[in-house]
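Down below is the structure, laid out as structure tokens.
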Amino acid sequence: MCGVVGIVAHSPVNQSLYDALTVLQHRGQDAAGIMTINNGVFKLRKANGLVRDVFEQKHMERLAGNWGIGHVRYPTAGSSTSAEAQPFYTNSPYGIAFVHNGNLTNAEDLKKNLVSEARRHVNTSSDSELLMNQFAHELCESGGDWNLKPEDIFAAVTALHTKARGAYAVVASIIGFGIVAFRDVYGIRPLVLGKRETEQGTEYMVASESVAVDAVGFEFVRDVAPGEAVYITQDGELFSQQCATNSELVPCLFEYVYFARPDSTLDDISVYASRVRMGQKLGEKIKRDWSELDIDVVIPIPETSCDIALEIANTLNLPYRQGFVKNRYIGRTFIMPGQQQRRRSVRRKLNAISQEFKGKNVLLVDDSVVRGTTSEQIIEMAREAGAKKVYFASAAPEIRFPNVYGIDMPSANELIAYGRDVQEICDLIKADGLIFQDLPDLIAAVGEGNPSVERFETSVFDGNYVTNDVSQDYLDHLDELRRDSAKDASSQNQSSSLDIHNFS
Ligand SMILES: O=P(O)(O)OC[C@H]1O[C@H](OP(=O)(O)OP(=O)(O)O)[C@H](O)[C@@H]1O
Ligand SMILES: NC(=O)CC[C@H](N)C(=O)O
Ligand SMILES: [Mg+2]
């Protein structure tokens, strides 16, 4: 996942963009970038690392200007090199800076056409650079004259929707004109709009999650609709238009399970409330299926599962205890780039308080079990701390299918539930019992927050890919390209790519 943000204000935006990126940090820990516009010139700083490490005082001072965009990256295509950090830039037409959350499913076809028909150069293996070039090409083709009008921009996004497939929540700044933000036709990735009234006039903000809007002191207005584009001129005038004929809201279910912050509301669904309902429903299932078990205490695996575990404890009428302490200086392990790093990080990140385990039958709760990196080690730690029995509950069902829409799960073989039933997974992670939420219950837990959402993007659980273009051949190809062992080679290949127009 990545986090995107864009602000058009009447005073400098560097600090607000920085603040927004720090509250979106949970969506991407690999790289961060900000590009502002000042006196008709782009100012850029991007690099690998966390927001707090990428931007020093000197960079912040140089990021002048009253409008700009920002990005935190979790790579799902290409490599992890700084050359693929975002924003991307292209000089034609007008000068465009571009940030993207999501992942394309037809990147290779797009690339062929871009080179052969549009004669555009794409310098990295990032699908986001491709998408930017396709957008730039559509802007050239949209028929407007030099003085770009809202209808020209909407025509370009309309054309883009017919060519790009997959997931994309995008914010782009077009120099001399303004910021355009849009979501793919299913709205797989989130994007929200905020505003703030000032003496100089209205200021606007778009961001991946509502928490960024709150943190920067803007007021939440609404979600950007799937297929819709919002255009904010550099003077603060807002235009919006539905640019797709076939749009339908099908948001990613895993955003609510794991990715988004609990204090965000996405597509009118509170992430926190949906996690509480996940806990209620899983608690009911545990009551039904495990009535004979004598569980003494419910313990969450920090951090994402805490709200879920508390509700399970309430439903089961059992004590809830924080048996693991999280090292606040270690980030999320699942979105780290390699399995070795992920494995090492679990023990550095979590430590058991042995009194909470000694002689007890504990129920450990996590939001999800993906590669099994966390669950396997945590169960071992619970036993080392003296637990008698260790039961394990996952608020998400078994994850058996790769993700192609912006979550880095490209290889079915790396998923612990792939080709295994619950007992086999339980044996692997060495639990005394393992229980997963049922998919209909998870869908209900999230969907109750907004009954108008008829479908969610659930491919990691059931293999149904909403874009209808994902074949087994494509998945095999992705596996070859992106499985952990392949990624290292790709990063080495790309490490010599140009880092263009960047402040060091
Ligand atoms: O089965 P796995 O491959 O280990 O993946 C699942 C685990 O990874 C995530 O935690 P993470 O440490 O990323 O973040 P958190 O602190 O937000 O829970 C998630 O919450 C699970 O704990
Ligand atoms: N997780 C994401 O949204 C990734 C965006 C883009 N596909 C990249 O790899 O940079
Ligand atoms: Mg976790």
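FYI, the numbering just counts along the sequence from 1. Start at 1 and go down the list; that is how both ligands and their atoms are numbered.
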Just how far is it from atom CD of Q29 to atom CD1 of I335, taken to the nearest 0.5 Å? 3.5 Å
Proximal atoms of ligand 1 relative to G372 (non-hydrogen, under 4.0 Å): 1 (O), 2 (P), 3 (O)
Please say whether I335 places an N or O atom under 3.5 Å from an N or O atom belonging to ligand 1. no
Got the closest protein heavy atom to atom 17 (O) of ligand 1, with its distance? T304 OG1, 2.5 Å
Residue N103 vicinity, atoms of ligand 2 by number, heavy atom under 4.0 Å: 7 (N)
Rounded to the nearest 0.5 Å, what's the gap from NZ on K285 to CD1 on I435? Could you check? 5.0 Å
Is S375 close to ligand 1, meaning an N/O of one under 3.5 Å from an N/O of the other? no
Numbered atoms and elements of ligand 2 in range of Q86, under 4.0 angstrom, heavy atoms: 10 (O)
Can you tell me the protein heavy atom closest to atom 8 (O) of ligand 1 and the distance? F334 CB, 3.3 Å
Tell me, yes or no, whether the heavy-atom count around R52 atom CZ, taken from other residues, nucleotides or ligands under 6.0 Å, exceeds 12. no
Do the ring planes of F42 and Y89 sit parallel (below 30°), tilted (30 to 60°) or perpendicular (above 60°)? perpendicular
Is any side-chain heavy atom of R261 closer than 4.5 Å to one of Y272? no
What's the shortest distance from atom 13 (O) of ligand 1 to any protein heavy atom, and which residue and atom give it? Y258 OH, 2.6 Å
Check R189 with E255, please: is the shortest side-chain N to carboxylate O separation under 4.0 Å? yes
Enumerate the atoms of ligand 2 whose separation from the nearest heavy atom of H100 is less than 4.0 angstrom. 5 (C)
Which residue holds the protein heavy atom closest to atom 5 (C) of ligand 2, what is that atom called, and what is the gap in Å? G102 O, 3.2 Å
Counting only nitrogen or oxygen atoms and a 3.5 angstrom limit, does N101 reach ligand 2? yes
Tell me whether the count of non-hydrogen atoms from other residues, nucleotides or ligands lying under 6.0 Å of CZ in R332 goes above 12. yes
Atom 20 (O) of ligand 1: closest protein heavy atom, distance to 0.1 Å, is D367 OD1, 2.5 Å
Say whether V369, considering both its backbone and side-chain N or O atoms, lies within less than 3.5 Å of an N or O atom on ligand 1. no
Measuring from atom 3 (O) of ligand 1, which candidate in R343, R371, R261, E303 has the nearest non-hydrogen atom? R371
The residue among R27, Q86, H71, R183 that forms side-chain hydrogen bond (donor to acceptor under 3.5 Å, both in side chains) with N101 is R27
Looking only at the side chains, is there a donor atom on one of S264 and E209 sitting less than 3.5 Å from an acceptor on the other? yes
Any chance you could lay out the side chain to side chain contact (heavy atoms under 4.5 Å, CB included) test for Y418 and N413, step after step, and finish with the verdict? CA-CA 6 Å; Y418 175 67; N413 289 300; 3.6 Å; yes
Is A77 near ligand 2, meaning one of its heavy atoms is under 4.0 Å from it? yes
Return the residue, atom name and 0.1 Å-rounded distance of the protein heavy atom closest to atom 4 (O) of ligand 1. T374 OG1, 2.6 Å
Taking non-hydrogen atoms only, is D127 closer than 4.0 angstrom to ligand 2 via side chain, backbone, both or neither? side chain
Which of the numbered atoms in ligand 2 are below 4.0 angstrom from a heavy atom of G406? 1 (N)
Inspect the contact between R73 and D30 and indicate whether a charged nitrogen and a carboxylate oxygen are less than 4.0 angstrom apart. no
Atom indices of ligand 1 within 4.0 angstrom of T333 heavy atoms, with elements: 11 (P), 12 (O), 13 (O)
Counting each atom of ligand 2 from 1 as listed, which ones have a heavy atom of P75 under 4.0 Å away? 9 (O)
Do the side chains of D408 and R483 get close enough for a salt bridge, i.e. N-O under 4.0 angstrom? no
Indicate yes or no: does an N/O atom of S368 lie under 3.5 Å from an N/O atom of ligand 1? no
Quick one: sort the Y168 and F182 rings into parallel, tilted or perpendicular, breaks at 30° and 60°. perpendicular
re atom 22 (O) of ligand 1, the protein heavy-atom contact at minimum distance is D366 OD2, 2.5 Å
Determine whether the side chain, the backbone, both or neither of R189 has a heavy atom under 4.0 Å from any heavy atom of ligand 2. neither
For atom 16 (O) of ligand 1, the closest protein heavy atom turns out to be K349 NZ, 2.6 Å
Let's go through I179 and I69 carefully: what are the C-alpha distance in whole Å and the side-chain angles of both, what is the deciding distance for side chain to side chain contact (heavy atoms under 4.5 Å, CB included) to 0.1 Å, and is it a yes or a no? CA-CA 8 Å; I179 279 182; I69 62 177; 3.8 Å; yes
Could you tell me, atom by atom, which parts of ligand 1 come under 4.0 Å of a heavy atom of T373? 1 (O), 2 (P), 3 (O), 4 (O)
Among S126, G28, S128, closest by heavy atom to atom 6 (C) of ligand 2 is S128
Ion pair present between R347 and E380, side-chain N to carboxylate O less than 4.0 angstrom? yes
Where is the nearest protein heavy atom to atom 2 (C) of ligand 2: which residue, which atom, and how far? C2 SG, 2.8 Å
Answer with side chain, backbone, both or neither: which part of R73 has a heavy atom less than 4.0 angstrom from an atom of ligand 2? side chain
Partners passing side chain to side chain donor-acceptor pair (under 3.5 Å) against Y320 (at least two apart in sequence or in another chain): Q322
